[in-house]
Peer 1: 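Shown below is the structure under consideration.
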Amino acid sequence: MGAGEEMYGFAGKLFPIGRSLTGEGVRQSLRLIQEQIPELKIMSVPSGTQAFDWTVPQEWEIQEGYIEDADGERIVDYAVNNLHVMGYSTPVDRYVSLEELLPCIKVEEEQPDVIPYVTSYYAPRYAFCMSKRQRDALKPGTYHMVIKSRHFDGQLNYGELLLPGASQREVLLSTYICHPSMANNEVSGPVVVTWLAKWLKSLDRKLSYRIVFVPETIGSIVYLSKNLAAMKERTIAGFVLTCVGDDRAYSYLETRKGNTLTDRVMQNVLGFAHPEYQRYSYLERGSDERQYNAPGVDLPVCDFCRSKYGEYPEYHTSADDMSFISPQGLAGSLDVMRQVILALEYNDYYRVTCLCEPQLGKRGLYPTESRKGIYREVKKMTNLIAYADGTEDLLAISSRIGVPVEELIPLVDKLCQAGLLESAKERR
Amino acid sequence: MGAGEEMYGFAGKLFPIGRSLTGEGVRQSLRLIQEQIPELKIMSVPSGTQAFDWTVPQEWEIQEGYIEDADGERIVDYAVNNLHVMGYSTPVDRYVSLEELLPCIKVEEEQPDVIPYVTSYYAPRYAFCMSKRQRDALKPGTYHMVIKSRHFDGQLNYGELLLPGASQREVLLSTYICHPSMANNEVSGPVVVTWLAKWLKSLDRKLSYRIVFVPETIGSIVYLSKNLAAMKERTIAGFVLTCVGDDRAYSYLETRKGNTLTDRVMQNVLGFAHPEYQRYSYLERGSDERQYNAPGVDLPVCDFCRSKYGEYPEYHTSADDMSFISPQGLAGSLDVMRQVILALEYNDYYRVTCLCEPQLGKRGLYPTESRKGIYREVKKMTNLIAYADGTEDLLAISSRIGVPVEELIPLVDKLCQAGLLESAKERR
Amino acid sequence: MGAGEEMYGFAGKLFPIGRSLTGEGVRQSLRLIQEQIPELKIMSVPSGTQAFDWTVPQEWEIQEGYIEDADGERIVDYAVNNLHVMGYSTPVDRYVSLEELLPCIKVEEEQPDVIPYVTSYYAPRYAFCMSKRQRDALKPGTYHMVIKSRHFDGQLNYGELLLPGASQREVLLSTYICHPSMANNEVSGPVVVTWLAKWLKSLDRKLSYRIVFVPETIGSIVYLSKNLAAMKERTIAGFVLTCVGDDRAYSYLETRKGNTLTDRVMQNVLGFAHPEYQRYSYLERGSDERQYNAPGVDLPVCDFCRSKYGEYPEYHTSADDMSFISPQGLAGSLDVMRQVILALEYNDYYRVTCLCEPQLGKRGLYPTESRKGIYREVKKMTNLIAYADGTEDLLAISSRIGVPVEELIPLVDKLCQAGLLESAKERR
C-alpha cells in the first residue's frame, strides 16, 4: 500500500471526531497521531491562561444536540453530523414555534444541499446548522431545541515534535486540529504532516524541524507565547499545511514579506514541478500564518494548500467530506513538501575550488571530442559551476539556470566528491 | 457659494492684469492675493541683484502699444488684449510698409484664430502678436507701429507665506504670477494655492508649509538663492501648481529623482482618486520644478496640473481664457491637493503594540461569529494591522493593501485610541 | 581603400593558414598581425606548464593527411582543405575497407554539402571530415588512410599588446587564433582587433588597453594564470571579439553578472545604433568569456559578435568561408567597438558647477526668444545639465535622456569649456 492510501486510511479515522478549539475531540485526535509518531508530545495549557492579547478559552463539552419536530422526530442531530450544532454553542432546551426556530438556524444560502460549518467562539450563543433545502421545507408547528453542552475551565491541547539535525537552524511545519468532520479542511493537514514527520525521522538531517499540531489561531498564539524567542532565533523557513488533500490545484500563499527563503523554495519547487500552481498574496491570508508573520513575531511562514481555503465551494460545509480528498491528492502534497525539504537541506552557498573552468575531461566528466551541439549535454553541470561563486545559494542558481534543485542535488554530490565544489561557508 | 465658484470669481479679478516678470502687474496681483490671505508677505529684490548664475532684470513698463493702419485705425492694441505686444518689448515709433511690418508680427501658424503669447526677456527686441487670420488679411499700405515702453532699474517682487506646524518638516507649495491674460496658465495656479493657504491656516498642522508666489524661473531662482539652506534642511515634499483650472485631465510630472515622498504621495492620491491621470517624466519638465530639482538644490518638487502646459492647444494663446477654466476644474484641483496634504500629515510609521494579532472582538472591533465571507468586512483594518510593523509608512501600506489613505485615516485614529497602534518613531 | 576593404584583404591572408591550439599556424598568424602592429609581443609557454586546473598541451604538427581510394585518388586531402583532418589527430597509415573507414569519417548530417570542423584536443584519436554527400557516395573497396602528424613538447603561443593611457584603469580586448580555415569564426576576430589596436595607438587615451590574441580556452587560461592579479585590479570592462565579419546581425552576450559597466556600455551603444541587436544570456556562453568571468576570476567580460557562434548554420563548417564575411561586416563591427571605446573614455561622473539652471542665453547657448515648441531644440543640453549631479555616469544619463553618448560627447566638451560642467571626481 502506498503512502497515499495509508494517509487516506488515517484520514478516515480522524474524520468522524467532533473537534473544537479545545476538548476531548482534540485530545482524541492527538492520541491517534501519537500512535503514528510516538515521539509526539501532547501538551496542555489551562483555560484562562493569558497569551499576548488573548486568553485561553474554556473547554466546550457537548453530550447531545438536536431539534425534534412535533412528532418527536429528530430533524437534525449532532450524533448524525457534528456540523448540525454551531461550534461552542451554549446549552438550550426550548419548545418553539417555527417562527421562533428560524432565527436559530444557519444555512448556506447559495448551496441548498450542504450543511454549513459555523462557530461562535467569542460570544455566547447557540444555533443549529442544516441545508437550505431542509430549512425551507420545515412546516409550521412546535419544535424542541435541545443542546446539552457545558463550558468549563479545562485545558487547551496541542502536539509538538522536535527533530534535531546537524544544525540548530530550524524548519517549522504547522497544521491545525480544531475542525470537526471536514476532510480537506482539516483532516488532510494533520495527516500529511504526520507522514512528513515519519519520513523526516529517518532522514539524515542537516536542519532541525519543529512540527506542531495546534488549534487554529488561539493554538498558534499560545504556542508562540511559549516558544517565541527560540523560534525567532532558529527558524529559517516555515509552512502551514492546510487543505492538502484534494486533486484540483497546488497553491501557495506568500509570507508577509514575500521574498523570504520560504517563498523562494516554494516558488522554485512548485514552479518546476507544477508550473500551473496558484500563488496568493499575503492579503488573502486566513490561517495560522497570520500569527507567525505578525509584526514583531516576523517568522517567514507561508501556507501550502491544494485548493486554498475559501476558494473552493465545498469549503466549510458538509460537502468537504472524505470523497473530496483522495490518496493521490494527499500523496501529491507529501511529494511537494519532501522536495521542498530536500531543497532546504541542500541549499548551501557553493563555491568552485579552482580558478577558471575546471578541466572536467580529465575527470571523465566531459566529452573529449568537441563538436557542434555537444555542449548542451553537459550544460547543467557547467552552468552550476559557472555560478558557484559563493554569492548565491543553490535555489538562486537553480532558478537562474532553469534546472530543478532535485536535478542539481546529484551533481552537487558528484562535484563535491571530485573536490571541485565546496560550501563557501566552510572556508570562511 | 462653493469654493469652486469663489475661486473662479477671484480668477476673473486676476485675469485682466498685464503681468510680466517684474513690474506693477505682479505687485497688483500680489496685493489682490494679500486681500485673501493677509499674512502674505510681499517681498522685493532690486534689479541687478545676482542670484546664482542669473541677474534680476530691469522692470518693464508699458503705457501703450498698437499698430495703426493708413486710416488711423488701431488694428491691434495692448489695451484690448495685452497679448498683442510681445512681452518685454523695447519701445518703437515707426511708419512702415506692409513688407516691413510683417517680420515684426508673431502668429500661431497652426491655429489661425488665436493670438500667441510671446516674450523676449533676454534679448532686446520688439514685436506684435496677432492671429494668423488677421495677419494674412493685411493689405499693402503704410502702418504705424507704436510701443511706449521703458526698461529701468526697479524691483522683482514675490509673495511668501510661512505656516508653522508642530514639526519643522516642511511642505513647499509654489506657483507663478508672471503671465498676462491667460486663465489656466496662469491665473489658476495662484488662485488654487490661495484657497489651499486659507484652508491650511485653519488646519491643526503637524507639518509646516512654505507657500510662494514667484515670477517663473528668475523668481524661483531668486527665492532659492535667499532660502536654500533652510529649504534643503526642512523640505519633505514640494509641489508646483500650474494649469490647475480646466476640466480635461489630472497630470503630475515626476521629481527629478522620481521616487521621492512627493512622487509617492502624488501617485497614491491620484492613483486612487483619478486612476486615469497622466504621469509625465521629469524629461518633460518646463516650470519652476527645473530650479527646485536642479543638481545641488535637490528639492523633491513635482508639478501638479490638470492639462499640462504645452500639452493642450490653447496653451500660450489667447484661447486660454476664462472660458477654458471652470469652478469645477479649480475645485477638483483643490480637492486633490487637500488629500495630498492630509496624506502627508498622517504619513507616519505605525506599529501595532501587541505580538500576534490583537483580539479585536473583545474591543468590539470584530464580528463575533465566524462564517464564510465575513472576513472581507474587517479586512481593511486587519490588513492595516498586519503591515503596521514600523518599517513602512502609511503611504506604502495604503498602496500595498489597496486602500486610499483617506479611508485609512479614521482607522488609524480608532486603533491609536484603542492603544493598538502607535507611531514607531515615538518609541525609538 | 576603406578600413573594411583593408580588413577583408588581411582576413584573406590569415584564412588559409592551418591553425590549431598550438604550433606553426598560430605563430605564422601572430607574425602577420605583428606586421600590422609592430608593438605586439609574441609570447610562448612550454608544453606541460600548469595553468590553474589545466596543462599546456603538446604541439601538434601535421605534414599531410588524406584518404586514397583503390585507384590511388585522394578523395580528401588536408592540403586542399585543412578541415578534412580532425584537429589534433594522431598519426595513422592504414588500408581499410569501406566498412572500416566509415567510423573514421565525420560529417554534418543536417547539411549535406559542408565539411564539419571537428577537433579532439583532450583524447588521442584520429578522424577525417567530409561532406555527407561525399561520404554517402563512397563505394565499397579498399581505402588508404594517411595522417602524418606528430605531438611533441613545444610551445603555446599568444600575442599581447599593452597600450597605456592616462589612467591605469584598463579595457581588455581578447580574440582567438586557433581555428583553421574558417572566416567568421575565426579570422574576423583577430582582424577587427588588429584594426582597433591601430586606431587605439593614435587615440589620446584616458584609459589603458590590454589586447590579447590567444588560442581559445587553454590560451586565455594560461594568460589569466600569468596576469590575474593585475587584471583584477585594473580591468573596468572587457570584450571577447568573435564572429564579427558577417552582415546578418549584431549580438552581445552578457557578462556573468549581467549588470557591469561592460554590459551597460554594450547595451547603450548597440541599443541606440542597432536597436534590433540580439542579446544573449551568459547561459549561452561558449568562448573565452567563460574563463574571464569564472568564479574567483570575476572579470566583467562580454562577447561581441555579428552572428553569434553556434547560431548560424555555417558555423564550424567549410561554409564559413571568405564569402560569408564582407568588408561591410568587418567595418560595422569596427565602428561599434570604436563607439564603445569612446563611450568608455568619456564615461565620467559629471556635475554642473552652479546652483539652479545655468543662464545659457548669456553664453549664446540658448535661444533668446521664448516660444511654444522652442524648448525641444535645446533639450539635449538642458537634459544633460539636469541630470549632471555627479551621482550617475554619462552612460546612465545617456540612457535616461535617450541620447547616444556619441551625441553627448560634443556637448560635454562644450559645457566643460564654458566652465559649466566638471568631473565630479576631480573636485572630491
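Computation of the quantities below employed the complete heavy-atom set of this structure, encompassing side-chain atoms and omitting hydrogens, waters and symmetry-equivalent molecules. Naming convention: chains lettered A, B, ... in sequence-line order (proteins, then strands); numbering from 1 in each chain.
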Peer 1: Any side-chain heavy atom of B/Leu355 sitting closer than 4.5 Å to one from A/Gln291?
Peer 2: no

Peer 1: So do B/Thr382 and A/Arg285 actually touch side chain to side chain, heavy atoms under 4.5 Å?
Peer 2: yes

Peer 1: Using non-hydrogen atoms and a 4.5 Å limit, figure out which bit of A/Leu224 sits close to chain B: side chain, backbone, both or neither.
Peer 2: side chain

Peer 1: Considering residues, nucleotides and ligands other than A/Lys232, do more than 12 of their heavy atoms fall under 6.0 Å from its NZ?
Peer 2: yes

Peer 1: Would you say B/Lys362's side chain and A/Trp54's backbone share a donor-acceptor pair under 3.5 angstrom?
Peer 2: no

Peer 1: I'd like to know whether CD of A/Glu110 has more than 12 heavy-atom contacts from other residues, nucleotides or ligands below 6.0 angstrom.
Peer 2: no

Peer 1: Enumerate by number any residue of residues 397-410 of chain B whose heavy atoms lie under 4.5 Å from heavy atoms of chain A; in the absence of such residues, state 'none'.
Peer 2: B/Arg400, B/Ile401

Peer 1: So does A/Asp53 pair up with B/Arg363, basic N to acidic O under 4.0 Å?
Peer 2: yes

Peer 1: Do B/Asp389 and A/Arg256 pass the side-chain contact (heavy atoms from CB on, under 4.5 Å) test, and can you show the C-alpha distance, the side-chain angles, and the key distance before you say yes or no?
Peer 2: CA-CA 11 Å; B/Asp389 64 358; A/Arg256 181 161 68 93; 2.8 Å; yes

Peer 1: Quick one: pull up OH in B/Tyr387 and CG in A/Leu283 and give me the separation to the nearest 0.5 Å.
Peer 2: 4.5 Å

Peer 1: Roughly how far, to the nearest 0.5 Å, is SG of B/Cys356 from CG of A/Leu228?
Peer 2: 7.5 Å

Peer 1: Can you check whether B/Cys354 reaches A/Phe52 side chain to side chain, under 4.5 Å on heavy atoms?
Peer 2: no

Peer 1: Just checking B/Asp204: does its CG atom have more than 12 heavy atoms from other residues, nucleotides or ligands closer to it than 6.0 angstrom?
Peer 2: no

Peer 1: Answer whether the closest heavy-atom distance between the side chains of A/Tyr282 and B/Asn383 falls below 4.5 Å.
Peer 2: no

